[in-house]
There are 2 protein chains.
Amino acid sequence: MKLSTKGRYGLRAIVDLAVNQQQGPVSISSIAARQSLSENYLEQLMSRLKKAELVRSVRGAQGGYVLQRDPEKISVGDVLRALEGDITPVACIGIDGMEGGCSSAHTCVTKYVWQRINESVNDTVNHIFLDTLIHESREKQSEKIECPI
Amino acid sequence: MKLSTKGRYGLRAIVDLAVNQQQGPVSISSIAARQSLSENYLEQLMSRLKKAELVRSVRGAQGGYVLQRDPEKISVGDVLRALEGDITPVACIGIDGMEGGCSSAHTCVTKYVWQRINESVNDTVNHIFLDTLIHESREKQSEKIECPI
DNA sequence: AATAATTCCAAGCGGATCAGTAGGATTTAT
DNA sequence: ATAAATCCTACTGATCCGCTTGGAATTATT
């Protein structure tokens with residue numbers, strides 16, 4: 001029931017990107033440095049975010065990535081689904097139609113449970129947007145700077 | 001973000017157990033047969049449920065397992081935690097105190113997200129109890145029997 | 001035009017975890 | 001005494017995770 005590093009690192013990365021994109025495209029190397037992530041691995045995560053049309057890339061020197069939508073229009077759910085592929089708790093909920101090859105889908109008692117879990121997770125991640133995380137990030141950053149020690 | 005087969009099979013198993021315990025202890029072999037599970041594997045799952053004091057075992061011939069509490073007092077959360085060990089979405093939420101060894105816990109922006117996901121999953125699984133699933137199972141069973149074909 | 005900075009792409013790889021097997025020891029109803 | 005059951009531990013094959021490697025393509029800067 002754990003989120004993989006794709007989701008964990010990737011969300012941190014896109015928040016970092018959102019916070020730092022004022023001065024133009026944000027490079028993988030700068031995100032990796034600030035967030036202590038492997039550049040090569042992060043590259044693969046950005047590729048997923050791009051494929052999901054959450055970010056846009058600028059190639060060549062001084063290139064990098066920019067958000068493709070306003071932060072208030074990108075939900076954590078969008079980001080996690082782009083990174084993890086499918087965040088349903090069991091396979092039979094995720095795939096439409098074939099129900100994950102489960103032969104007893106219509107008599108399956110526990111399916112009710114998995115659906116409820118799935119709904120509650122979706123409700124949560126679909127209603128947290130990047131702008132909220134950005135604001136929180138800015139506050140924490142200033143806390144850091146104002147630290148008396 | 002997937003539940004392992006421990007949680008999936010185990011919940012099915014304990015519901016099966018609850019439905020069939022009227023005539024005395026329910027054996028692993030009978031659960032395995034009804035639910036199409038490996039006996040040896042199921043044995044390991046029952047061992048976890050026993051360690052968590054959700055079921056009680058009766059050894060020897062005609063032995064098996066019985067629920068240790070009333071079905072309305074066993075939540076799906078109890079069962080899943082017994083089987084999966086820890087159903088928090090990321091490690092830093094689960095372990096008290098040390099926060100999973102994360103050095104930047106107090107400045108971590110995404111932690112807010114993981115906490116919200118964790119709360120919503122817990123809210124869901126802690127409020128579904130076995131008696132609900134038992135009733136549903138009985139209904140589906142009778143549907144099956146009444147099937148015209 | 002050359003260089004350096006960058007994204008893009010595909011393949012490989014060690015380690016961990018999962019799902020299940022195997023084999024036997026112990027308990028107990030019949 | 002036997003058979004039916006739980007109990008316990010160790011092993012194993014497969015899969016996935018997290019990450020690395022190596023290079024090709026693009027483009028701003030000099």
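As the structure is a computational prediction, the values presented were derived from the model and not from experiment. The figures here come from the full heavy-atom set of this structure, side chains too, leaving out hydrogens, waters and symmetry mates. Convention: sequence-line order gives letters A, B, ...; per-chain numbering from 1.
- Tyr41(B) and Thr5(B) share a donor-acceptor pair across their side chains, judged by distance under 3.5 Å alone.
- An OP1 or OP2 oxygen of dC7(D) is reached within less than 4.0 angstrom by a side-chain nitrogen or oxygen of Ser57(B).
- Applying side chain to side chain contact (heavy atoms under 4.5 Å, CB included) to Thr124(B) and the options Ile128(B), Asn126(B), Asn122(B) leaves one that passes, Ile128(B).
- Leu49(A) has its CG atom 15 Å from the C1' atom of dC8(C), to the nearest Å.
- In this entry the distance linking CZ of Arg12(B) with C1' of dA19(C) reads 14 Å, nearest Å.
- Residue Lys50(B) places its side chain closer to dC7(D) than to any other of dC7(D), dT7(C), dA5(D).
- Within 3.5 Å, no donor on the side chain of Arg59(B) pairs with an acceptor on the base of dT27(C), nor the reverse.
- Proximity note for Ser4(B) (side chain, C-beta onward) versus dA19(C), dC19(D), dC8(C): the nearest is dA19(C).
- dA5(D) atom P lies 17 Å from atom CZ of Arg56(B), rounded to whole Å.
- Between Asp78(B) and Arg69(B) a salt bridge is recorded (basic side-chain N to carboxylate O distance below 4.0 Å).
- Between Leu45(B) atom CG and dC7(D) atom C1' the separation is 15 Å, expressed in whole Å.
- For the residue pair Asp86(A) / Thr88(A), a side-chain donor-acceptor distance below 3.5 Å is found, with atom types taken as modelled.
- Distance Met46(A) CE to dT6(C) P: 14 Å, rounded to the nearest Å.
- Following rounding to the nearest Å, Arg48(A) (CZ) and dC8(C) (P) show an atom-to-atom distance of 15 Å.
- Listed by residue number, Ser38(B), Asn40(B), Tyr41(B), Gln44(B) are the residues of residues 23-44 of chain B with a heavy-atom contact under 4.0 Å to DNA chain C.
- Per the geometry, CG belonging to Asp86(A) stands 14 Å off P belonging to dC16(D), to the nearest Å.
- In the model, Arg56(B) has no side-chain atom that pairs as donor or acceptor with a side-chain atom of Gln68(B) under 3.5 Å.
- For the pair Leu54(A) and Val79(A), the minimum side-chain heavy-atom distance is below 4.5 Å.
- Follow the hydrophobic side-chain contacts under 4.5 Å out from Leu42(A) and you never reach Val58(A); the two are in separate clusters.
- Comparing Arg8(A) and Ala61(B) along DNA chain D, the residue whose closest nucleotide (by nearest heavy atom) sits nearer the 5' end is Ala61(B).
- Regarding Tyr65(B), its OH atom lies at a distance of 14 Å from the P atom of dT28(C), rounded to whole Å.
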